[in-house]
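Here is the structure we will look at.
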Protein chains: 4
Amino acid sequence: MAGSRPLRADAVRNRTKILAAAREQITRHGPDVPMDAIAEAAGVAVGTLYRHFPTKTDLVGAVIAEHSEIITGEIEAAAARVGEGSRAMAEITRLAERTVEASARDRSVKAAAQTLGAAHWTEQQEERFRGAMERIIAAAVSDGDLHPDVTVDDFLMLILTAPTDQEPAVRDRWLTLFLAGFTVQSRERNAGD
Amino acid sequence: MAGSRPLRADAVRNRTKILAAAREQITRHGPDVPMDAIAEAAGVAVGTLYRHFPTKTDLVGAVIAEHSEIITGEIEAAAARVGEGSRAMAEITRLAERTVEASARDRSVKAAAQTLGAAHWTEQQEERFRGAMERIIAAAVSDGDLHPDVTVDDFLMLILTAPTDQEPAVRDRWLTLFLAGFTVQSRERNAGD
Amino acid sequence: MAGSRPLRADAVRNRTKILAAAREQITRHGPDVPMDAIAEAAGVAVGTLYRHFPTKTDLVGAVIAEHSEIITGEIEAAAARVGEGSRAMAEITRLAERTVEASARDRSVKAAAQTLGAAHWTEQQEERFRGAMERIIAAAVSDGDLHPDVTVDDFLMLILTAPTDQEPAVRDRWLTLFLAGFTVQSRERNAGD
Amino acid sequence: MAGSRPLRADAVRNRTKILAAAREQITRHGPDVPMDAIAEAAGVAVGTLYRHFPTKTDLVGAVIAEHSEIITGEIEAAAARVGEGSRAMAEITRLAERTVEASARDRSVKAAAQTLGAAHWTEQQEERFRGAMERIIAAAVSDGDLHPDVTVDDFLMLILTAPTDQEPAVRDRWLTLFLAGFTVQSRERNAGD
DNA sequence: CATGAATGAGTGTTCATTCAT
DNA sequence: CATGAATGAACACTCATTCAT
């Protein structure tokens, strides 16, 4: 049940090293790190980078994919816990915290992705992400903990706009403000005019 | 006692043309527009760019400064209106909308600033911004429309994290969610655990 | 007294596949096709290419050799037919047509050979080529169909300079003009001065 | 009545140096000389090459254009001489000799042009070339020195297929054979079968 | 003071060749 | 003996910045 090709042991090792180096270099030096720098950090020649990832965009995309995979996994796990009786709203809050945390760690990678036009999610991942998230949201709404208008896209927005380049305290404050909207939505918007 | 140097009329004209061209080119083609492209769009030679702005970073910084100046001006105007009796919360809402709108228009410029490490605000501007905003916030709190914990930094966060690269509808939804936190803050945060 | 080494059946098969793939790839994509592309087209790994042909130049040389072998074979056949009574001049004309035709088909391979400095003929081939051609020429001259000054090198020149990258009609016109010189040579050359 | 832009004195000097260096380097080292090598030979930085010629193809094209210009000029001069009474066929012969000679000198440049897909003639040049050549041909035909079927394209073919990479003696022999076709065309083609 | 030609280090990417598996 | 991963020197081209005109 393995992938399409077995892939040699050393090739796998290199792929891992490259991804790690890419993540680290992009994080440390921003979206414009030369491929040469990533190669050197990975301890391989540039050609090897290009054998594994035909394009810089592809490499950055792969790093992003790893990141997205972790987030997707966590959401699925949360959905499972909700299915077993955990309170949905608590899971949402925790999810938001962890997700923002993870995004903060990889903020430069996201910047690189934006610069290069690499996709953040594969279609498959988005599907899994949406499925799990919908179940959690439905549960929280039926618990009366979540405003019924809240959608998966709102959560996606949360992930994408979190101030990942700020201090933890700032991020936390941001989360507090944003999550408030998930419970009560300002009925007074535009009201004062 | 005017500016440090008289600055000839045509020099002023050039400066203005350059700033306008820079804003337009960066907006149209992203943060990586060559200086040559900006020069051509401005109808001057590159050398002239470098006479006015010693560095690309300086030029982008100046463009950002213009943008920030407009925002700062609007906030000061809103503060003045509040002083004259306008309801503070309504001003905050309108301010948020206009600010996000303006940021959306200049999002590429912000990206350029980030890429180049140019500052978003001068100290002076931040001071004026904070002063005016504090007055508005205080009024809204005393009106009972705003949660007493809300600070100027919260508003700054709003400006900086708005999803400026999304469709207007998305930005609007985002604003609704975020502004909710300004009124009621989730007391239940972490409660479900 | 067979070849220097028995050469296993599958090795022969590989060699053939490689040569075919090389010819096709070079023809299709020009002289600069990567070795990898040839390897893939041949259904083998690059390493196998290098086992059979230590250098790209060697591979291209081998393809050219095949081509030259066909031409050499045709000339020998024509010489044989002349020996059996066929009119020599008719054979020369037909030979010219077929040779130019064949060269047109493999023009990219010739270009590749030039680019890489690969030889067009082996010494052995040239010897066979010259021998047969001399017999045909001698016959045509003694028939009174061919100008007595015509040499094997003239025919070689015909092969090498034919406009192989042009349309068939152009090639045909070219052949007509060039073959005229084989019969009558401009006595007036320089005469008008 | 100068060109569209005056172009600074030093820029003109550089353009000339670059063209000369390009011609020499391509001749010496073949069509694949790196731009860096040409730059170094010209005593300028690569950037300067690209300021004058946006593309390697453009540079090679410019070298070719110079070459074509010389040939075009010679043909026009010959046409003028014919108009003044010089015998047309003699001019054709001399033209063929000089043209092939010139092509031989710049053979590598032609190869480079082919490799890069650069055009050999500008439309304007081709028009001038064709006009002048037609006049010469018409005169030679009416003199009874040239076969009436000969066209400008035949002469173009002569230029393009001359064995420019061969020794002078070979080129001369080639020319003799080819020009024969201009006078008498083999009526016997295919006759012997 | 403006011009725009020149600079040259740097970028992503390719590809002939080698060699561990 | 085949495989295909790894190598690394090249290459065409870009662009912020400098400086002669």
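Every heavy atom of this structure was used, including side-chain atoms; hydrogens, water molecules and symmetry mates were not. Proteins come first, then strands; the chains are lettered A, B, ... in the order of their sequence lines, and each starts at number 1.
- Residue C:F53 contributes atom CZ, which lies 16 Å from atom P of E:dT18 at whole-angstrom precision.
- Enclosure of atom CD in A:E69 by more than 12 non-hydrogen atoms of other residues, nucleotides or ligands within 6.0 angstrom is indicated.
- Distance A:R13 CZ to F:dG4 C1': 15 Å, rounded to the nearest Å.
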- Steps toward side-chain contact (heavy atoms from CB on, under 4.5 Å) verdict (B:I71, B:W121): CA-CA 11 Å; B:I71 291 178; B:W121 304 86; 4.2 Å; yes
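- In this structure, C:D165 CG and C:R107 CZ are separated by 6.0 Å, a value rounded to the nearest 0.5 Å.
- One can place CZ of D:R15 at 16 Å from C1' of E:dG4, the figure rounded to the nearest angstrom.
- Atom CD1 of C:I26 is separated from atom P of E:dC15 by 14 Å (rounded to the nearest Å).
- Comparing D:P54 and B:T55 by the nucleotide of DNA chain F whose heavy atom lies nearest to each, the residue mapping closer to the 5' end is D:P54.
- The CD1-C1' distance, from C:I38 to E:dC15, rounds to 12 Å in whole Å.
- Look at CD on C:E40: it is 15 Å from C1' on E:dC15, rounded to the nearest Å.
- Remark: C:E66 CD is packed, more than 12 non-hydrogen atoms of other residues, nucleotides or ligands lying under 6.0 Å away.
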- Step by step, would you call C:Y50 with C:D58 a side-chain contact (heavy atoms from CB on, under 4.5 Å)? CA-CA 10 Å; C:Y50 280 92; C:D58 291 325; over 6 Å; no
- So what is the 5' to 3' dot-bracket string for DNA chain F, if pairs are Watson-Crick or G-U wobble with both distances under 3.5 Å, crossing pairs use [ ] and | means the partner sits on another strand? .||||||||||||||||||||
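- In terms of the side-chain hydrogen bond (donor to acceptor under 3.5 Å, both in side chains) criterion, residue partners of C:D106 (sequence neighbours excluded) are, by chain and number, C:R23, C:H67.
- In terms of heavy-atom proximity, C:I26 sits nearest to C:S108 at O-CB, 3.2 Å.
- Checking the phosphate oxygens (OP1, OP2) of F:dC1, no side-chain nitrogen or oxygen of C:H52 falls inside 4.0 Å.
- Not a single donor-acceptor pair under 3.5 Å links the side chain of B:Q25 to the backbone N or O of B:A41.
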- Item | Under 4.0 Å protein heavy-atom contact, by nucleotide of nucleotides 7-12 of chain F - B base, S sugar-phosphate only | BBB-SS
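- In this structure, B:I38 and B:I18 approach most closely via the heavy-atom pair CG2-O, 4.3 Å.
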